[in-house]
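I have placed the structure first, in the form of structure tokens, so that the comments after it can refer back to it.
Each ligand, and each atom within it, is numbered from 1 in the order the structure gives.
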Amino acid sequence: MMKIFYFTGTGNSLAVAKKFNGELISIPQVVKGKNTLVYQDEAIGIVFPLYCLNPPKMVREFLSRAKLQTEYLFAVATYGNLAGASMQALQKAVKSYGYQFDYMNTLLMVDNFLPNFDVIEEISRMPKKQTQKKLEKIISDVFSRKRYMPKVTQKDRELSELCVPLMEQQDRGENAKAFIINENCTRCGVCVKVCPADNILLREQVTFCNRCESCYACIHACPQNAIHLKNEKSSKRWRNSEVTLKELIESNQ
Ligand SMILES: Cc1cc2nc3c(=O)[nH]c(=O)nc-3n(C[C@H](O)[C@H](O)[C@H](O)COP(=O)(O)O)c2cc1C
């Protein structure tokens, strides 16, 4: 038996998490809902996206508080472009909590970071990313209980160092305050339901608090395409085709 803990904004990480056929557990739900995070299983996996070369803040909080009792602990980070030395940094962090991952890997998928990437172009880059092939390898590695850590270069480490201030800024939770809600908003509440951090209030207008995880779930899932960034490459939005809006809501509500 296997437990898979996951965090997802636009479905990539949930699509991957589902492939392990384990018991799926939403990290936002357990972090928000329970004080003692003690779990036991033959194997335990964590699947999450990278934001500024790091796991989302809530995933880091989960890993700092959880007691994961297992013979085999693994992590898969989905990302769109550059992973830097993210797995090394995460391994170092969890070692300071007294445990370590047996297997870590990264998986290139569609990049949903709208300031740098246009979703249509990203979809056209998919064949080059060879996601399916690498995912099959990761699943086979995990089922054979392989131990592995991706190799990184000095450049990767430097990139991760450069991203520390960006991550710290992101961790303040205020990114959504710069999101623009346009006149297409019908106050349908989908943004509230897909937000993993309970960061959105539906008042006279949609209001963002200061717990934003920067996952962009609200922006990408808005049925009216009413949430925008000042500096987005295009207004096209993304949800992984193997994940429904209902699943995103059930994961993050
Ligand atoms: C705020 C933000 C920051 C991101 N930073 C990175 C990054 O540093 N490196 C990278 O390759 N992809 C980055 N991405 C892209 C996501 O990691 C990638 O699209 C991921 O698969 C999304 O997973 P999800 O659909 O489960 O939310 C970022 C995305 C967002 C929204």
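Within ligand 1, the atoms closer than 4.0 Å to a non-hydrogen atom of S13 are 23 (O), 24 (P), 26 (O), numbered from 1 in the order shown. For ligand 1 and T10, the ligand atoms under 4.0 Å from any heavy atom of the residue are 24 (P), 25 (O), 27 (O). Each of the atoms 10 (C), 11 (O) of ligand 1 lies under 4.0 Å from some heavy atom of N81. For ligand 1, the atoms closer than 4.0 angstrom to any heavy atom of Y216 are 31 (C). Ligand 1 places these atoms under 4.0 Å from at least one heavy atom of C52: 3 (C), 4 (C), 5 (N), 6 (C), 7 (C), 8 (O).
We find the OH-CD1 distance between Y148 and I138 to be 9.0 Å, quoted to the nearest 0.5 Å. In this structure, the separation between NZ on K155 and CG on L162 is 11.5 Å, given to the nearest 0.5 Å. Summarising the geometry, atom SG belonging to C195 is positioned 14.0 Å from atom OH belonging to Y216; distances are rounded to the nearest 0.5 Å.
Checked by distance only, ligand 1 and F113 stay at 3.5 Å or farther apart across all their nitrogen or oxygen atoms.
Ranking the protein heavy atoms by distance from atom 12 (N) of ligand 1 puts G80 N, 3.2 Å first. Summary of contacts: the protein heavy atom closest to atom 27 (O) of ligand 1 is G9 N, 2.7 Å. The protein atom (non-hydrogen) at minimum distance from atom 4 (C) of ligand 1 is L50 O, 3.4 Å. For atom 23 (O) of ligand 1, the nearest protein heavy atom (residue, atom name, distance) is P49 CB, 3.3 Å. Considering only non-hydrogen protein atoms, atom 19 (O) of ligand 1 sits nearest to V110 O, 2.7 Å.
Residue contacts with ligand 1: A83 is excluded, as none of its non-hydrogen atoms falls under 4.0 Å. Residue contact check for ligand 1: N240 places no non-hydrogen atom closer than 4.0 Å to it.
The closest heavy-atom contact to atom 9 (N) of ligand 1, among the options N12, V16, L82, comes from L82. Considering L14, T131, D111, L108 only, the shortest heavy-atom separation from atom 15 (C) of ligand 1 involves D111. With atom 26 (O) of ligand 1 as the reference point, the heavy atom nearest to it among V243, N54, T8, I219 is part of T8.
Both L108 and M149 sit in one connected hydrophobic cluster of ILVMFWY residues. Membership requires side-chain heavy atoms under 4.5 Å apart, directly or through other members.
Salt-bridge check for D102 with K146: failed, with every basic side-chain N at 4.0 Å or more from each acidic carboxylate O. The pair K57-E61 does not count as a salt bridge, with every side-chain nitrogen at least 4.0 angstrom from each carboxylate oxygen. Remark: E122 does not engage K233 in a salt bridge, criterion side-chain N to carboxylate O under 4.0 Å. Salt-bridge formation is detected for the pair K246/E250: a Lys NZ or Arg NE/NH1/NH2 atom is positioned less than 4.0 Å from an Asp or Glu carboxylate oxygen.
Across S124, S234, S235, a single residue satisfies side-chain hydrogen bond (donor to acceptor under 3.5 Å, both in side chains) together with D118, and that is S234.
R147 forms no cation-pi arrangement with Y103, by the criterion of a distance under 6.0 Å to the ring centre and an angle within 45° of the ring axis.
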